[in-house]
Amino acid sequence: MRRFILFVASLAAAAPLSLFVLTPASAASSCVYEVAPPYPANLWIRSGPGTQYERVGAVDYGETVEGSCGSGRSWMRVWTGDAEGWAYGPYLEPVDYDY
């Protein structure tokens, strides 16, 4: 057992530091979404993935926001020029640009 613990510790020590450093969301690949809740309202951006987290910004109904690419079934990481945080995914519709 002790050998296993030493082995795991050596792996952790040898792992690149970049695995443990958080990068800004804007550095990751992103998708564009339109704010489209089931009723005309602003979409709150929160400091964490849930309504218990503080509001850090808002996006107007019908406006677009950048976010992490995902299914939109839960909370999604989003960012605008004014705020970065989490928004409720079902209220975001993917924007499909045809170039």
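Position 1 is the first residue of the sequence, and the numbers go up from there.
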Answer with yes or no whether the hydrophobic clustering places V56 together with Y91; edges join I, L, V, M, F, W, Y residues whose side-chain heavy atoms lie under 4.5 Å apart.
yes

Rounded to the nearest 0.5 Å, how far apart are CH2 of W86 and CE of M76?
9.5 Å

Closest heavy-atom pair, C69 versus S30, reported as atoms and distance to 0.1 Å, is SG-C, 3.4 Å

Nearest heavy-atom approach of G57 to A83 is CA-CB, 4.1 Å

Scan the side chains in residues 36-45 for donor-acceptor partners under 3.5 Å anywhere in the protein, sequence neighbours excluded, and list what turns up.
none

Quick check: closest heavy atoms across L92 and Y33, and the distance to 0.1 Å?
CB-CB, 3.8 Å

Taking the side chain as everything from C-beta on, heavy atoms only, tell me whether V35 gets closer than 4.5 Å to T64.
no

With sequence neighbours excluded, what pairs up with W75 under the ring pair (Phe, Tyr, Trp, His ring centres under 6.0 Å) test?
Y88

Partners of E93 by side-chain hydrogen bond (donor to acceptor under 3.5 Å, both in side chains), sequence neighbours excluded?
none

Give the minimum heavy-atom separation between S74 and P90, together with the two atoms involved.
O-CD, 3.8 Å

Which atoms form the tightest heavy-atom contact between R46 and T51, and what is the distance?
NH1-O, 3.3 Å

